[in-house]
S.K.: 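Pasting a structure below so you can have a look.
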Amino acid sequence: MAPGGRRSNGETPTGQQQQQQQADGRRGCACGGFPVCACAGAAAVASAASSADMDRVAVAATEGQIGAVNDESWVAVDLSDDGLSSAADPGAVALEERPVFRTEKIKGVLLHPYRVLIFVRLIAFTLFVIWRISHRNPDALWLWVTSIAGEFWFGFSWLLDQLPKLNPINRVPDLGALRQRFDRADGTSRLPGLDIFVTTADPFKEPILSTANSILSILAADYPVERNTCYLSDDSGMLLTYEAMAEAAKFATVWVPFCRKHGIEPRGPESYFELKSHPYMGRSQEDFVNDRRRVRRDYDEFKARINGLENDIRQRSDAYNAARGLKDGEPRATWMADGTQWEGTWVEPSENHRKGDHAGIVLVLLNHPSHSRQLGPPASADNPLDLSMVDVRLPMLVYVSREKRPGHNHQKKAGAMNALTRCSAVLSNSPFILNLDCDHYINNSQALRAGICFMLGRDSDTVAFVQFPQRFEGVDPTDLYANHNRIFFDGTLRALDGMQGPIYVGTGCLFRRITLYGFDPPRINVGGPCFPSLGGMFAKTKYEKPGLELTTKAAVAKGKHGFLPMPKKSYGKSDAFADTIPMASHPSPFAAAAAVVAEEATIAEAVAVCAAAYEKKTGWGSDIGCSAGPRAPWRSSSPGTTRCSGARSCTRCSAWRTSTSPRTRSRRSSSSSTPRCRRCRS
Ligand SMILES: O=c1ccn([C@@H]2O[C@H](COP(=O)(O)OP(=O)(O)O[C@H]3O[C@H](CO)[C@@H](O)[C@H](O)[C@H]3O)[C@@H](O)[C@H]2O)c(=O)[nH]1
Ligand SMILES: [Mn+2]
């Protein structure tokens with residue numbers, strides 16, 4: 001999958017390499033020779049109201065280019081965030097110094113008049129208010145006071161709205177530079193580990209096929225498989241969800257190699273097969289047509305199996321229950337295919353086995369892959385797809401259902417995120433975390449790499465999170481009622497990037513793990529704690545003074561890294577989890593490479609940190625992790641209600657910065673043909 005890998009097996013550049021070039025080039029434009037640029041609009045997480053809406057994904061996928069701000073209004077900032085002149089000839093820049101992203105701003109000729117206009121309106125407004133106050137209306141004093149109050153509020157909110165627009169910023173990832181710098185010729189990669197969280201709460205209200213597509217798009221995304229782990233949180237605790245994901249993992253063994261072989265976009269199968277046309281990206285047209293026909297058939301069979309799962313589970317459970325000779329009134333258990341009782345919610349709910357009252361479950365659907373490339377088999381009667389040139393490894397996939405008990409506040413999605421944060425720390429502990437809702441999918445296979453670009457720049461260690469914009473499907477394509485939220489995602493978020501950074505919108509966000517742990521950034525910028533990036537507007541000396549170094553050189557030399565601002569007990573009782581924190585806080589994001597062995601003991605620990613009572617008397621939900629809360633007035637433009645209290649850049653002033661990313665999302669599901677780990681605990 002990684003380009004280096006392609007080189008290593010002697011494959012001709014007409015195959016996957018060519019697709020990669022095309023994939024990069026698609027989003028590229030002629031900007032100083034950078035292979036990829038100006039694709040800020042490509043990033044997104046597609047959201048479909050139901051599986052029936054998935055055909056809209058095609059729109060989202062091609063919109064990879066739409067959000068790109070490659071028009072003439074944008075110019076490169078003199079000094080990129082990577083510290084190098086963006087005008088420099090990339091060929092002349094030393095490889096290790098080549099910036100992985102660059103920053104663009106609106107041309108002065110457009111921006112300065114706009115700023116002047118803001119100023120003129122401000123003066124006009126001030127004069128108006130002065131006139132209003134000095135012309136009291138004694139006949140209707142209450143009306144006069146009310147109108148002054150209303151106008152003040154209007155003026156204040158207008159002013160707040162203008163602030164981010166003073167300095168809109170666009171960030172452009174350079175995927176070519178990322179490949180050059182981090183992918184090795186032998187097919188391995190130095191890219192940091194990435195844990196992806198998908199949350200689902202009900203397999204009926206949130207169509208299971210949509211969740212499956214979400215998972216499939218993640219498994220098929222272009223990121224080093226051995227460094228990418230996907231976690232599905234199932235708040236319903238239902239066997240139906242688990243078995244659907246197992247089916248998806250099984251289908252992934254065909255779908256993912258197919259995507260890699262032919263450079264398929266988007267990599268959510270439902271969206272892909274609904275496309276009106278399938279542009280040819282691979283080496284042999286005939287090969288592609290045959291493969292596509294075959295995979296399409298497999299996908300239809302996969303959907304039929306998913307649709308039949310509910311019935312299968314019921315019939316199987318009836319058979320097991322009948323064989324046990326249940327007495328009247330005895331609870332009728334739900335049974336897994338291997339003949340063990342499901343520990344989560346039963347089809348016929350009973351005590352300890354109903355929604356909101358069940359044990360914690362962690363099951364590994366796809367185990368951690370090997371570290372070296374594994375080419376697939378050549379075409380045969382059993383296996384019609386020739387995969388002999390394709391890496392067939394899949395990323396690790398884990399099903400998690402946190403423990404639920406009556407009387408506990410489970411904090412909805414925020415609680416699920418916290419449980420996944422701890423669970424993933426124990427299993428893979430990747431330094432970066434991306435979260436998606438189950439009705440989202442990655443619509444561009446390069447999105448993960450694009451997001452990571454913003455975390456790996458020279459000064460990126462102060463970036464707390466990267467927020468992807470969302471694209472929506474299944475809503476009015478003419479956008480009569482502005483349901484696509486374009487102004488918010490493409491305008492406001494980008495504009496906020498010129499200040500401290502965009503807000504967290506509740507999903508589609510790439511976090512630096514330690515920010516969720518309530519860590520301070522490693523350096524405090526001279527711009528001040530509240531608006532460190534305002535330096536970008538008022539001064540070019542943003543990073544001249546490194547400020548406070550929280551990790552001393554002596555500590556690094558001794559192998560002790562990071563800084564724990566919270567007392568250890570704030571993180572909860574699990575020593576296994578606490579032990580992962582120093583590794584996650586290592587100043588180098590590459591330190592916490594995912595080398596996962598899903599042993600029984602590790603899985604048991606992962607279950608323990610998902611306990612319903614784990615967060616009691618800890619900092620989780622307040623200083624650490626996420627919390628569910630009412631719409632915060634200071635984030636009124638945010639559509640989400642999940643607050644991320646750990647990443648303090650979202651809710652209070654801190655030196656962390658944030659960034660908007662230009663691309664990607666997908667949806668799909670996978671099932672495991674190589675499921676390894678069995679029950680978490682029995
Ligand atoms: O107890 C719960 C409730 C919800 N979810 C998941 O949370 C996500 C969002 O929930 P949903 O009810 O779909 O909320 P929306 O209003 O559609 O989503 C908006 O609000 C959410 C909460 O802030 C954000 O996460 C979303 O990104 C944002 O689009 C979905 O994946 C759910 O499965 C859980 O995991 N557990
Ligand atoms: Mn939703």
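Quantities reported herein were computed from a predicted structural model and do not represent experimental measurements. When a ligand or atom number is given, it counts from 1 through the structure's own listing order.
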S.K.: Taking the six-membered ring for Trp and the full ring for Phe, Tyr or His, determine whether the centres of Tyr242 and Trp342 are under 6.0 Å apart.
M.R.: yes
S.K.: State whether the shortest distance between N or O atoms of Lys413 and N or O atoms of ligand 1 falls below 3.5 angstrom.
M.R.: yes
S.K.: Where on Thr199 is there a heavy atom closer than 4.0 Å to ligand 1, on the side chain, on the backbone, on both, or on neither?
M.R.: both
S.K.: Tell me, please, which residues at least two apart from Glu206 pass side chain to side chain contact (heavy atoms under 4.5 Å, CB included).
M.R.: Thr200, Ala201, Cys438
S.K.: Looking at residues at least two apart in the chain, or sitting in another chain, which of them share a salt bridge (Lys or Arg N to Asp or Glu O under 4.0 Å) with Lys355?
M.R.: Asp202
S.K.: Can you find an N/O atom of Gln470 closer than 3.5 Å to an N/O atom of ligand 1?
M.R.: no
S.K.: Which is closest to atom 28 (C) of ligand 1 in terms of heavy atoms, Asn485, Thr200, Asp437?
M.R.: Asp437
S.K.: Examine Glu206 against ligand 1 and note whether any of their N/O atoms are separated by less than 3.5 Å.
M.R.: yes
S.K.: Does Ser233 have a heavy atom less than 4.0 Å from any atom of ligand 1?
M.R.: no
S.K.: Looking only at N/O atoms, are Asp235 and ligand 1 under 3.5 Å apart anywhere?
M.R.: yes
S.K.: Hey, is the main chain of Ala220 close enough, under 3.5 Å, to the side chain of Arg267 for a donor-acceptor pair?
M.R.: yes
S.K.: Over 60° means perpendicular and under 30° means parallel, so tell me whether His353 and Trp346 are parallel, tilted or perpendicular.
M.R.: parallel
S.K.: Would you call Arg471 and Asp490 a salt bridge, taking side-chain N to carboxylate O under 4.0 Å as the test?
M.R.: yes
S.K.: Is there at least one pair of N or O atoms, one from Ala201 and one from ligand 1, spaced under 3.5 Å apart?
M.R.: yes
